[in-house]
Amino acid sequence: MVSNSNNDLAASAAHFRHPITKVSEVEFRIDRKAHEGMNVPVTIYANEGLLSKMLTDRTIDQAVNVAHLNGLYKHVIVLPDGHEGYGFPIGGVAASDANNGVISPGGVGYDINCGVRLIRTSLSEKDVHPKLRELLKELFLNIPSGVGTGGRIKLGPRQIEDVLADGVAWAVENGYGWDSDKEYCEENGTMKTAKPNMVSPTAKKRGAPQLGSLGSGNHFVEIQKVDKIYNPQAAKTFGLHEGQIVIMAHTGSRGLGYQVCSDYLRVVEGAAKRYGIELPDRELACAPINSKEAEDYLGAMNAALNFAWSNRQMITHWTRRAFEKVLGSSSEGFEMNLVYDVSHNIAKIEEHNIDDSKRKVMVHRKGATRAFPKGRTEVPIMYRKVGQPVLIPGSMGTASYVLVGAPKSMDVSFGSTAHGAGRMMSRSAAVRRWRGEDVKRELAGRGIHIESASWKGVAEEAPEAYKDVDAVAEVSDSAGIATRVVRLVPMGVVKG
DNA sequence: ATGTCC
């Protein structure tokens, strides 16, 4: 059992339900035999403080539920930012056999390919500071935000099919980006396995007007400054240096991905029943990977992945335009190159070593970032000697991190690490506790400016509603799964 | 996260 240093009743109850063994300062474990029906153990990468927060909601219960699924390898993983999600914890990873395992839409989440990209510049704080408010206003105009909001273009019926099939490549071919952008996206920003015809007309109708829009919640575009370097060699390789201005964008597949998840949860619930799969929680509905239902979901989910990559690419385009307009030079001149783009909500087939043999596995990453180390062919050639950039956004007004995938991640987390700070307080509780106007004023006092579509949204995203992103990055680093490269601090935020 | 209830 872990120490009973916290007095929270819910946490104590969870301690009692799950015998948790402390392996190290940053690793905890629930044995496979802890509960009848578990097929694999659960590994939790966290410190005592982060673990005690997970024990205040159903995070660990959900990870134990996931461990009941068929065809899983090694263990279910909870990352330091883990919190409760739909069926499957956010900050969770599970890998099932690519032929005999299962796929669970809840293991990807509603916001399919929610993710982050980082754009670097040749600008420094003194270039940007006098124009910061103007830049934020221009970004806010160029990149519409808020629930149900559309982007600056509306796709026709033929175009949405092409976006779903081609992802980032569609955007670049249509003038919304540079050829080099594709190289610096996970999967080059295009899943060739996408099946646009498996995406419902409703999902396409929702998505068509939304390409190039931000959405709401914790989605943002931030102007940040490189604050601290931990790993000079990797920083140099990623084109990052102290004092440099960078732009981080965090968004996903908007209403389209939500609709795909929602449509296929119904399909997969039916499949689970038909194939006689016993589910510890209905929200964990899953289908055998080789079933028709799974193939259809995978085709649609891959199309939604492409939509999200294209969305972040459009946002990159409009960001470059905003900088050009306000600062009066070309974005090529500002060297606004893409550092990298990572997905946080995804399932895909990868090759991993299991018991000394190479196997194809379906890795579910929900609120988790791929963190491949040096040498893996999936890492862009320019980065292959150091490893994949891992982008961890903080909550509004707090730091964000760039890490680099470390070799140990392949042994202990299916090449994955954390994805963000992780909520600590529900949106509704945050709205009861804070007023958006006060949060904005408090951040402005610290020199961080916000352009937002809604006061309620600002209150929901109050920094105190989130876990400590510095602790999350530190645990990943100490556990040796992805190590810190640079710390970024916000100067201005555009959000929904 | 989400046309925050077809």
Side-chain angles (χ1 to χ4, degrees), chain A residues 57-59 62 81-92 104-116 143-151 154-155 160 199-221 249-266 283 300-301 304-305 307-309 311-312 315 342-347 364-369 393 395-396 419-432 436 452-462 465-467 494-496:
Chain A
D57 64 23
R58 299 189 61 242
T59 310
Q62 291 183 330
D81 52 343
H83 60 284
E84 185 178 327
Y86 181 90
F88 190 115
I90 297 162
S104 174
V108 175
Y110 273 90
D111 191 0
I112 296 166
N113 195 3
C114 181
V116 182
I143 305 163
S145 58
V147 181
T149 312
K154 183 176 175 4
L155 299 171
I160 184 82
V199 176
S200 71
T202 311
K204 287 171 185 167
K205 196 178 161 197
R206 284 180 74 170
Q210 292 189 325
L211 199 68
S213 68
L214 202 50
S216 67
N218 64 354
H219 288 170
F220 64 74
V221 172
H250 178 202
T251 187
S253 51
R254 310 284 284 102
L256 184 137
Y258 183 96
Q259 190 66 44
V260 166
C261 179
S262 172
D263 290 341
Y264 280 93
L265 275 167
R266 235 177 311 142
E283 292 186 356
M301 187 261 281
L305 294 174
F307 185 88
W309 270 313
N311 191 30
R312 289 196 288 278
I315 285 171
V342 295
S343 175
H344 285 161
N345 285 355
I346 192 167
H364 297 65
R365 292 194 183 93
K366 183 185 192 181
T369 311
S395 52
M396 186 177 66
H419 86 304
R423 281 203 90 85
M424 188 159 68
M425 187 187 289
S426 72
R427 293 182 190 283
S428 54
V431 169
R432 285 195 297 274
S452 173
S454 101
W455 288 121
K456 182 165 166 269
V458 174
E460 285 177 351
E461 297 305 311
Y466 281 82
K467 292 176 191 171
V494 175
K495 66 178 302 305

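Reckoned from all heavy atoms, side chains included, excluding hydrogens, waters and symmetry mates. Numbers restart at 1 for each chain; the letters A, B, ... are given by sequence-line order, proteins then strands.
The phosphate of B/dT4 (OP1 or OP2) has no side-chain N or O of A/S216 nearer than 4.0 angstrom. Between B/dT2 and A/R254, a contact under 4.0 Å exists linking OP1 or OP2 to a side-chain N or O.
Residue A/G252 is classed as having no contact, given no heavy-atom separation below 4.0 Å to the nucleic acid. In this structure, A/E460 reaches neither bases nor backbone, as no heavy-atom distance under 4.0 Å exists between it and the strands shown.
A/D111 has its CG atom 14 Å from the C1' atom of B/dT4, to the nearest Å. Spacing between atom OH of A/Y86 and atom P of B/dT4 amounts to 17 Å, rounded to whole angstrom units. Separating the OH atom of A/Y258 from the P atom of B/dT4 is a distance of 8 Å, rounded to the nearest angstrom. What separates CD of A/E461 from P of B/dT2 is a distance of 11 Å, to the nearest Å. What separates NE2 of A/H219 from P of B/dT4 is a distance of 16 Å, to the nearest Å. In this structure, the OH atom of A/Y110 is 12 Å from the C1' atom of B/dT4, given to the nearest Å. Computed from coordinates, the A/F307 CZ to B/dT2 C1' distance equals 13 Å when rounded to whole Å. When the P atom of B/dT2 is taken as reference, atom OH of A/Y264 falls 21 Å away, rounded to whole Å.
Using a 4.5 Å heavy-atom threshold, the side chains of A/K204 and A/L155 count as separate.
A/P144 is linked by a side-chain contact (heavy atoms from CB on, under 4.5 Å) to A/T149, A/R152, counting only residues two or more places apart in sequence or in another chain.
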List the atom pairs, donor and acceptor, that lie under 3.5 Å between side-chain atoms in residues 208-216 of chain A and the rest of the protein, sequence neighbours left out.
| unit_1 | atom_1 | unit_2 | atom_2 | d |
| --- | --- | --- | --- | --- |
| A/Q210 | OE1 | A/G255 | N | 2.9 |
| A/S213 | OG | A/Q210 | O | 2.6 |
| A/S213 | OG | A/R254 | NE | 2.8 |

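Ring geometry for A/H83 against A/H419 counts as parallel: the plane angle stays under 30°, on a 0 to 90° scale with 60° as the upper cut.
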